[in-house]
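Right, one structure below, let's go through it.
Just so we're clear, the structure is a prediction, and the values are computed from it rather than from any experiment. Atom set for the values below is all heavy atoms of this structure, side chains included, hydrogens, waters and symmetry mates excluded. Residues: numbered from 1 along the sequence shown.
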Amino acid sequence: MSAVTGMGGIGKTALAIEAAHRACAKGWFPGGTLFVDLRGYDDNPVTADQAVLALLDAVGVRGQELPKTTARQYDAYQGHLSEHRARTLLILDNASDPAQFLPLLPGTDNHRVLITSRDRPDSLPLRVIGLETLPEDEAAALITTALGNDPHDDRPSREPESLRELTALCGHLPLALQIAAAMLRRRRHRDIASLVTEIKAAEDPTAVLDNGGRGTDQYGRSLALRPVLDTSYRRLAPDQARLLRLLSLAPGATTSTEAAAALGDLDEGAATGLLEDLAAAGLVTATRTGWGGRWRLHDLVRAFGVGLVAGDVGLWEEGELARERLLGFYVRWADAADDRLQWLPGRPEPERFGDRAGALAWLDGERAGLVGAVQWASEERHARQAVRLARCLGVYLRWRRYFDDGIAVARAAREAAHRTGDREGEAIAWIDLGLALQDAGRAGEAIDTHTRARDLYRATGDREGEAGAWNNLGNALGDAGRIEEAIEALTRALDLHQATGDGRLEGMAWNNLGVTLGEAGRVEEAIEALTRALDLHQATGNRHREGRAWNNLGVTLRQAGRVEEAIEAYGKDLEICREFEDWYGTGQTLSNLALAHKDLDRPAEARAYYLQAADAYTHANAPNKAADARTRADTLP
């Protein structure tokens with residue numbers, strides 16, 4: 001016995017029938033095939049007692065030969081299978097409950113049984129074949145083939161990008177793809193892009209597809225998505241249905257078990273059980289990637305759930321409370337993870353995360369949800385929590401070099417903080433935006449944002465914040481090549497940091513000033529400034545910043561012709577970068593070591609360092625830097 005399972009519209013029946021045709025063509029079932037549609041997800045599912053009558057009719061037991069009682073009918077059915085020695089394939093399609101098919105199973109192992117169901121029959125010892133959505137290329141091929149009967153229809157070859165976009169909007173679900181193909185056949189004088197635009201403009205893609213997909217498939221079934229989703233939803237227990245609705249509101253393509261628990265106000269054990277039930281019903285899919293267990297909701301199921309919530313006042317309020325809980329969950333643990341990333345000796349130990357690796361792993365796993373949740377800042381009800389969440393993500397997004405995410409998060413937080421009168425939050429968002437723009441190579445825009453942050457801090461009398469803004473402004477001016485202005489800004493930052501007595505921030509200012517002085521050709525002053533930075537970073541236990549200062553000192557020493565001393569400084573930074581798993585910093589330092597060895601006419605060593613730098617940059621998601629390092633290595637013997 002085998003079972004084909006998966007969400008409604010995934011193609012279970014089509015696969016079962018195609019497999020049966022091929023098997024019979026090969027002579028595997030000389031007794032033929034018996035097929036019965038149990039209509040398990042209709043309002044009135046077929047019972048086993050009704051199905052046995054259809055099966056008896058299919059084998060010729062009807063009229064006067066049909067036994068009068070149900071018990072005798074089952075006897076006749078089993079008797080036929082026992083006496084009929086030619087192997088037969090029994091397809092029990094669209095079962096929603098084992099009670100529909102258990103009495104129909106042959107009493108002999110001579111025959112074979114294939115069951116299709118949206119629900120995984122875990123209680124039975126069956127071979128289960130779980131279907132997923134189609135790969136992108138196969139989804140495009142399905143629509144292309146469906147349009148292939150018209151030799152003049154060249155839209156798939158003429159609009160390959162629109163075709164791929166359409167398959168994505170259909171979630172690569174075969175039923176949705178069939179509906180889209182039917183709509184394109186009807187709209188033969190319109191391009192694929194017009195349908196893509198129409199679906200995108202709709203709040204619920206199923207509404208567009210169902211309105212346009214009138215008709216039936218080759219099995220006589222209606223080409224409609226919403227009834228398929230609706231029947232699956234209505235069969236759920238109330239607690240399962242509630243979690244499915246709330247899960248549809250979660251940001252990101254996948255949701256962790258603990259985030260789902262926060263949405264549902266459940267403990268993780270209860271949430272896991274409900275998620276497993278939803279997975280067994282083909283409505284969510286378990287994934288093994290990311291932090292802990294994660295669950296994926298099909299895009300069309302998500303749209304269906306969002307529509308349910310939006311269409312009912314009570315469900316809408318339930319959803320808003322769930323989003324508040326999720327934001328609270330994200331803020332709590334993102335704050336703890338951020339504390340760990342910025343932790344220095346002597347500070348309180350952060351909650352939950354015992355090391356940087358654990359904090360980064362959690363942030364990596366939840367990143368899409370965290371970034372998506374910050375976008376809720378546009379809604380007044382969630383603005384303050386979303387702004388708090390954005391504050392916790394700035395360092396992480398820069399560390400992992402997710403510049404686009406950093407820009408989007410900072411902009412959302414800036415607008416929300418301004419709207420709610422949160423001057424401090426707005427200033428922090430301006431700073432985070434400026435740093436993300438700098439990292440993305442947009443120094444001119446960064447100068448404007450850091451200037452806005454400085455002015456906000458000045459207006460509120462926050463001298464420490466103003467000092468930090470001057471520091472960042474100086475770096476942006478340096479990146480833009482405005483060196484003298486940069487030195488002036490960094491000197492202002494240094495004066496303010498010294499006045500506030502924060503050795504950690506003063507060390508950062510000395511470091512930045514040293515780099516800029518070196519770019520101005522004031523090498524001895526740069527070495528002195530970077531040495532001051534090293535002393536302060538060591539005194540405050542800021543080991544990662546110490547490593548960066550060693551690298552910058554190495555650059556300046558090499559500039560001064562003190563190459564052996566530069567190599568020693570790079571070596572100290574390399575040790576720290578590897579300790580922190582700072583792969584981008586590792587790539588920079590290895591590249592600098594390569595340059596130093598080139599200066600000393602050691603091409604073999606230089607080439608080896610460039611190749612190591614390329615590996616580090618690849619690990620740091622910096623492919624352009626990696627390619628440049630490999631090119632440089634290739635120029636050396």
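In this structure, Arg235 and Arg118 have side chains that are not in contact, with every pair of non-hydrogen atoms separated by 4.5 Å or more. Looking only at side-chain heavy atoms (C-beta outward), Leu244 and Leu297 come within less than 4.5 Å of each other. Between Leu147 and Pro156 the shortest side-chain heavy-atom distance falls below 4.5 Å. The shortest side-chain heavy-atom distance between Leu363 and Leu393 falls under the 4.5 Å cut-off. Between Glu351 and Arg332 the shortest side-chain heavy-atom distance falls below 4.5 Å. Looking at heavy atoms from C-beta onward, Val374 lies out of side-chain contact with Pro251 at the 4.5 angstrom threshold. Between Glu366 and Ser256, some side-chain heavy-atom pair lies under the 4.5 Å cut-off.
Using a 3.5 Å distance cut-off with no hydrogens or angles, the side chains of Tyr41 and Ser117 do pair a donor with an acceptor. Residues Gln100 and Ser96 bring a donor and an acceptor atom of their side chains to less than 3.5 Å of each other.
Pairs engaging residues 41-52 under the salt bridge (charged side-chain N to carboxylate O under 4.0 Å, His left out) rule: Arg39-Asp42, Asp43-Arg234 [sequence neighbours left out]. Identified under the salt bridge (charged side-chain N to carboxylate O under 4.0 Å, His left out) test for residues 411-426, with sequence neighbours left out: Arg391-Asp422.
Evaluation of the ring-ring contact (aromatic ring centres under 6.0 Å, His included) rule for His619 yields Trp583 as partners, not counting sequence neighbours. Partners of Arg388 according to the side chain to side chain donor-acceptor pair (under 3.5 Å) rule, which considers only residues two or more places apart in sequence or in another chain, are Gln385. For Arg381, the side-chain contact (heavy atoms from CB on, under 4.5 Å) partners at least two apart in sequence or on another chain are Trp316, Glu317, Glu320, Leu321, Glu324. Remark: His80 engages His84 in a ring-ring contact (aromatic ring centres under 6.0 Å, His included) (not counting sequence neighbours). For Asp299, there are no side chain to side chain donor-acceptor pair (under 3.5 Å) partners, not counting sequence neighbours. Taking Tyr233 as the reference, Phe304 meet the ring-ring contact (aromatic ring centres under 6.0 Å, His included) condition, with sequence neighbours excluded. By the side chain to side chain donor-acceptor pair (under 3.5 Å) test, Gln375 is found to be paired with no residue, residues two or more places apart in sequence or in another chain being considered. By the side chain to side chain donor-acceptor pair (under 3.5 Å) test, Gln73 is found to be paired with no residue, residues two or more places apart in sequence or in another chain being considered. When the side-chain contact (heavy atoms from CB on, under 4.5 Å) test is applied to Phe403, the partners found at least two apart in sequence or on another chain are Arg401, Asp439, Ala440. Applying the side-chain contact (heavy atoms from CB on, under 4.5 Å) test to Leu90 and every residue at least two apart in sequence or in another chain returns Leu34, Leu55, Tyr77, Leu92, Pro106, Val113.
Trp399 carries Arg356 over the face of its six-membered ring, with the cationic atom under 6.0 Å from the centre and within 45° of the normal.
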Run the side-chain contact (heavy atoms from CB on, under 4.5 Å) test on Arg245 and Asp312 for me, step by step, so that the C-alpha distance in whole Å, both residues' side-chain angles and the decisive distance to 0.1 Å come before the verdict. CA-CA 12 Å; Arg245 292 193 303 270; Asp312 183 284; over 6 Å; no
Verdict with supporting geometry, Asp405 and Tyr396, side-chain contact (heavy atoms from CB on, under 4.5 Å): CA-CA 11 Å; Asp405 283 349; Tyr396 162 71; over 6 Å; no
Using the side-chain contact (heavy atoms from CB on, under 4.5 Å) rule, take Ile407 and Leu433 through it: C-alpha gap first, then chi angles, then the decisive distance, then the call. CA-CA 5 Å; Ile407 291 169; Leu433 178 57; 3.9 Å; yes
Could you walk me through whether Leu236 and Leu278 satisfy the side-chain contact (heavy atoms from CB on, under 4.5 Å) test, starting with their C-alpha distance in whole Å, then the side-chain angles of each, then the deciding distance to 0.1 Å, before giving a yes or no? CA-CA 8 Å; Leu236 296 174; Leu278 292 172; 3.9 Å; yes
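Going from atom CD of Glu165 over to atom CG of Leu195 covers 10.5 Å, rounded to the nearest 0.5 Å. Atom OG1 of Thr197 sits about 10.5 Å away from atom CG of Leu166, to the nearest 0.5 Å. The line from CG of Leu175 to OG1 of Thr13 is 11.0 Å long, rounded to the nearest 0.5 Å.
Ring pair Phe353/Trp333 is perpendicular by interplanar angle, where above 60° counts as perpendicular and below 30° as parallel. Ring geometry for Trp376 versus His382: interplanar angle of 30 to 60°, hence tilted.
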